Amino acid sequence: MNFISILRQQRITSAIHQTVVISLSKRSIHSCHNFSSKISDANFTSENAESKKEERLVDQGMVETRNSLCQRIESVPVRESIGQAFESWMGDGLPIHKGDIFHTINRLRKLKFNKRALEMKADKVTPHVSTFNILLKIKANQHNIEGILKVFGDMRRAQGEPNEVSYCILATAHAVARLYTVCETHVEAIEKSATGKNWSTLDILVILYGYLGRRNDLERTWGIILELSHVRSKSYVLAIEAFGKIGDLCRAEELWSVMKSRYSLKSNEQFNSLIGVYCRHGLITKATALYKEMEKHGCKPNAITFRHLALGCLKAGLIKEAIKTLQLGMDMEASIKVKRSTPWLETTLSIIEIFADNGNVENAEKLFEELKKANYTRYTFVYNTLIKAYVKGKVYDPNFLKRMILGGARPDSETYSLLKVVDQFRT
């Protein structure tokens, strides 16, 4: 049975199962609260076991709703910093989600507290570092490096002292933007400003050392995480991805085995971590085996799973299978949160790079539109990848430079070199 047949059989079985479940439980559907990722968490994937746990707690009335955070902020006296509201919220063991922030900002705007919403400094209140961290995170999610630098400059001018959260946001944003030298600088700042053994900061360092290829620091940080009283499954997922990114597949597989023995494998995020590693290196046979193992554990593959597998097929030279697998994933619904997650964007770009090498302009453009909706095309290297498809495909486009600039990306020397080649295909 070939790879695509396995995928199709999985989809048919899943569809039959889903139909039965829906028919039996149609009258017992209950609404639940959907939480976004933590401001300081390194959540770059779609399915988070921790979030599911929080959703169950909300249904049971054991966790306050996000409106409570807004109420705490509103109750802070005008001339005092909102930082105390965030501190009290986190002091109660509650995470801060992006949804909380957006809800609060929108509510403050409705109450005509526009300055408070945008800068949190109405009536001459000195901005708190937490305020700037929120703004930094918002700009980072928009892939707006210039906006990040502006907010960071405002923080400095306001005599705000960046903390480890600030530097985590800055370092991660520059790593995603492939500005590794700047990222290194912020990583050093994280190491100097870190207070205690904060699991969130350690998780982010694991991600960053993976980006930077610093294996020794990655191993050292992972050792510190293992010394914590409780090591989350999420931390294992991030470590597997990080070791896979630097090419240490043996270590990634070792961590997978440990995670498998310590935790029940119920999240597709857990499986996707190693599937993604295998597919990044073109090991489609191993990835397929792990894909089949998901079914045995009652875990359904999601859109990210198929996107990883599509990349794996392309890396292995299975072009037709890759396109079919890619379509299988596109047929599945994926949330905006998923389509804006870093693994999704980076995997999609890797697929575009292979299409570009093959001169497949049509498929490269189709996936490029996904990146555009997530603002990922602000990065020059993303546009340059697309231009390479036109070069390899010998296709002329007279409006590419204008399109790029209007899209928010700055052409560099590589851009102009590629466009000169494209210009040769003018008829």
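Note that this is a predicted model, so its numbers are computed, not measured. Positions are given from 1 along the sequence.
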- Query: Minimum heavy-atom separation for Lys339 to Trp344, with atom names?
  - Reply: O-CD1, 3.5 Å
- Item | Exercise: do Asn133 and Ser130 side chains pair donor with acceptor under 3.5 Å | no
- Parallel, tilted or perpendicular: which describes the rings of Tyr379 and Phe381, with under 30° parallel and over 60° perpendicular? parallel
- Pick one: which of Thr325, Asn302, Thr348, Asn272 meets side-chain hydrogen bond (donor to acceptor under 3.5 Å, both in side chains) with Arg307? Thr348
- Smallest separation among heavy atoms of Trp256 and Leu274, with atom names: CG-CD2, 3.5 Å
- Item | Within 6.0 angstrom of Glu146 CD, more than 12 heavy atoms from elsewhere | no
- Task: Report the distance from atom CG of Leu212 to atom NZ of Lys245, rounding to the nearest 0.5 Å.
- Result: 10.0 Å
- Exercise: identify the closest heavy-atom pair between Ala173 and Ile145: O-CD1, 3.9 Å
- Message: With a sphere of 6.0 Å drawn around CG of Leu406, does it hold more than 12 non-hydrogen atoms of other residues, nucleotides or ligands?
- Response: yes
- Is atom CD of Glu369 surrounded by more than 12 heavy atoms (other residues, nucleotides or ligands) closer than 6.0 Å? yes
- Are Tyr278 and Glu253 close enough that a side-chain donor and a side-chain acceptor fall under 3.5 Å? yes
- Output yes when Arg214 and Asp217 qualify as a salt bridge under the 4.0 Å nitrogen-oxygen rule, no when they do not. yes
- Item | Backbone of Arg410 reached by a side-chain donor or acceptor of Thr380 within 3.5 Å | yes
- Ion pair check, Glu293 and Lys296, cut-off under 4.0 Å: no
- Candidate list Phe400, Tyr383, Phe355, test ring-ring contact (aromatic ring centres under 6.0 Å, His included), partner Phe368, passing option: Tyr383
- Task: May I ask you to decide whether Arg280 forms a salt bridge with Glu241, counting only side-chain N to carboxylate O separations under 4.0 Å?
- Result: no
- Task: Would you mind checking if Arg215 and Glu219 are paired as a salt bridge, meaning a charged N to carboxylate O distance below 4.0 Å?
- Result: yes
- Looking at CG of Asn141 and CD1 of Ile138, how far apart are the two atoms once the value is rounded to the nearest 0.5 Å? 8.0 Å
- Query: Does the side chain of Leu371 reach to within under 4.5 Å of the side chain of Ile352, using non-hydrogen atoms?
  - Reply: yes
- Message: Run the side chain to side chain contact (heavy atoms under 4.5 Å, CB included) test on Ile204 and Thr172 for me, step by step, so that the C-alpha distance in whole Å, both residues' side-chain angles and the decisive distance to 0.1 Å come before the verdict.
- Response: CA-CA 8 Å; Ile204 292 176; Thr172 303; 3.6 Å; yes
- Taking only Lys NZ, Arg NE, NH1 and NH2, and the carboxylate oxygens of Asp or Glu, determine whether Lys234 and Glu269 approach each other closer than 4.0 Å. yes
- Task: Give, for atom CD of Glu188 and atom SG of Cys183, the distance between the pair rounded to the nearest 0.5 Å.
- Result: 10.5 Å
- Query: Does Met259 reach the side chain of Val237, with side-chain heavy atoms less than 4.5 Å apart?
  - Reply: yes
- Task: Please check if any side-chain donor atom of Ser200 sits under 3.5 Å from a side-chain acceptor atom of Asp203, or the reverse.
- Result: no
- Item | Heavy-atom pair with the smallest gap, counting every atom of Cys299 and Asn268 | SG-N, 3.2 Å
- Closest non-hydrogen contact found for Asn163 with Ser193 is C-OG, 4.1 Å
- Item | Euclidean distance, Leu202 CG relative to Glu227 CD, rounded to 0.5 Å | 10.0 Å
- Task: Starting from the C-alpha separation in whole Å, work towards a yes-or-no answer on side chain to side chain contact (heavy atoms under 4.5 Å, CB included) for Trp222 and Val231.
- Result: CA-CA 10 Å; Trp222 179 244; Val231 181; 4.3 Å; yes
- Would you indicate whether the side-chain heavy atoms of Leu290 and Met294 approach each other to under 4.5 Å? no
- Gap between atom CG of Leu255 and atom NZ of Lys260 - 0.5 Å precision: 14.5 Å
- Task: Identify the heavy atoms of Thr385 and Glu353 that sit nearest to each other, and give their distance.
- Result: CG2-CG, 3.5 Å
- Message: Looking at Arg403, I want to see if its CZ is surrounded by more than 12 non-hydrogen atoms of other residues, nucleotides or ligands under 6.0 Å.
- Response: yes
- Can you list the steps and then say if Lys324 with Glu321 is a salt bridge (Lys or Arg N to Asp or Glu O under 4.0 Å)? CA-CA 5 Å; Lys324 291 178 182 178; Glu321 289 83 353; over 6 Å; no
